2 protein chains.
Amino acid sequence: MSYSIKEIAKIMGITPSTLRYYDSEGLLPDVKKVNGRRVFEDKDFKWLRVLNCMKNINMPIKKIKEYVKLAQKGDTTLQERYNLILEQKESIQKQINELNTCLKEFEFKEWYYKTAIEAGTEKVVENISSISPTLEIDKIPKNYKKEGM
Amino acid sequence: MSYSIKEIAKIMGITPSTLRYYDSEGLLPDVKKVNGRRVFEDKDFKWLRVLNCMKNINMPIKKIKEYVKLAQKGDTTLQERYNLILEQKESIQKQINELNTCLKEFEFKEWYYKTAIEAGTEKVVENISSISPTLEIDKIPKNYKKEGM
DNA sequence: ACTTGACTTAAAGTTAACTTTAACTTGTAT
DNA sequence: ATACAAGTTAAAGTTAACTTTAAGTCAAGT
């Protein structure tokens, strides 16, 4: 199967311009060209799904390019690529943890506003707490030091 | 307890400039000023922890400002704020789901490179698959239509 | 032969979220 | 009295990730 830039862009939910930009940044390795036009094949499609994944985890384009370059160098860079993957795995875990903490905060706020709406005023709840117990716990980080301590 | 801009910046892990920028954008409601200098109090600190939370879920500054403005208007905006919170809760859930999918892909790649490193070459694994089963499943989205269908 | 539509590149423009700079004020220490 | 450290504003600069524009190529249809 092969696709035009317009088709693959539609599949990926991005614009052809963005794909051209990615290509110009070296994010799309070895895309075939026929009469000067890009022809996307299954291998490109597979890679685009991984690229999409890397974008979802907020990997900067520079870092993705780094990975692509390593992959193009072949077997001598296997260890480096492995390290890069591990590093990014850690980053994903961290992001998930942060999001879960924030989710708790927003669930608290959902309760907060539901209660306030029922009562017609925020006063009913704001005396209890305007912040969730989760965030309330650490008022000041343990590692915080005032200047010159 | 009250803090200078330098102190609170250190606690929050950002620079004083960023705090001033947030203030100029209306993200810090009613920060006290003494001799023209900002004095941060416990209520500001609490709000900064929520703000930090909102930044972590990638809420754009415009959206955060919108929330702050609603909160400043008082009880008449309770329902609007509730809706905004629900909307953001959905967004968090979506982000967590995306990250979990990507985590699976990276776990696959971890295995992929570990196996390749042991064998000394990528050839051993790339014939099996260069992409995880999770991403492999949907080659083309079900909702994809070629032009003119 | 000519128009049309989809592509191409190179370069300039945009947007968000800061960051830096310049010029100025103020409280504290010598 | 003076110097210094830490704060202030307004405005300009930066960076990442696109997006738009301008000018041109190319194959297919009339």
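Reminder, nothing fancy here: chain letters follow the sequence lines and each chain counts from 1. Note that the coordinates shown come from a computational prediction; the quantities given were computed from them, not determined experimentally.
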Let me know the distance between [atom1] of [X] and [atom2] of [N], rounded to the nearest Å.
X: B/K62; N: C/dT14; atom1: NZ; atom2: C1'; answer: 13 Å
X: A/N58; N: C/dA16; atom1: CG; atom2: C1'; answer: 15 Å
X: B/F40; N: D/dA6; atom1: CZ; atom2: P; answer: 17 Å
X: B/E66; N: C/dA16; atom1: CD; atom2: C1'; answer: 16 Å
X: A/I57; N: D/dA17; atom1: CD1; atom2: P; answer: 13 Å
X: A/M12; N: D/dC18; atom1: CE; atom2: C1'; answer: 16 Å
X: A/M54; N: D/dA17; atom1: CE; atom2: C1'; answer: 17 Å
X: B/N56; N: C/dA17; atom1: CG; atom2: P; answer: 14 Å

If the condition is side chain to side chain donor-acceptor pair (under 3.5 Å), which residues does [X] pass it with, not counting sequence neighbours?
X: B/S4; answer: none
X: A/N56; answer: none
X: A/Q79; answer: A/N83

Using the salt bridge (Lys or Arg N to Asp or Glu O under 4.0 Å) rule, collect all pairs that involve residues 87-97 of chain A, keeping only residues at least two apart or in two chains.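 As it turns out, the salt bridge (Lys or Arg N to Asp or Glu O under 4.0 Å) pairs with a partner in residues 87-97 of chain A, which skip direct neighbours, are A/K63-A/E87, A/K89-B/E110.
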B/K109 to B/Y112, cation-pi by 6.0 Å centre distance and 45° axis angle: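 Yes, B/K109 lies over the aromatic ring of B/Y112.
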B/K55 side chain near C/dC18 phosphate (N/O to OP1/OP2, under 4.0 Å):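 So the side-chain polar atoms of B/K55 do come within 4.0 Å of the phosphate oxygens OP1 or OP2 of C/dC18, strictly under.
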Is there a residue in residues 14-38 of chain A whose heavy atoms reach under 4.0 Å of DNA chain C, and which residues are they?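 Result for residues 14-38 of chain A: A/R20, A/K33, A/G36, A/R37, A/R38, sorted by number.
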Side-chain donor-acceptor contacts of residues 11-37 of chain A below 3.5 Å, not counting sequence neighbours, with atom names and distances?
unit_1 : atom_1 : unit_2 : atom_2 : d
A/T15  : OG1    : A/T18  : N      : 3.2
A/T15  : OG1    : A/T18  : OG1    : 2.9
A/D23  : OD2    : A/R38  : NE     : 2.6
A/S24  : OG     : A/Y21  : O      : 2.7
A/K32  : NZ     : A/E41  : OE2    : 3.0

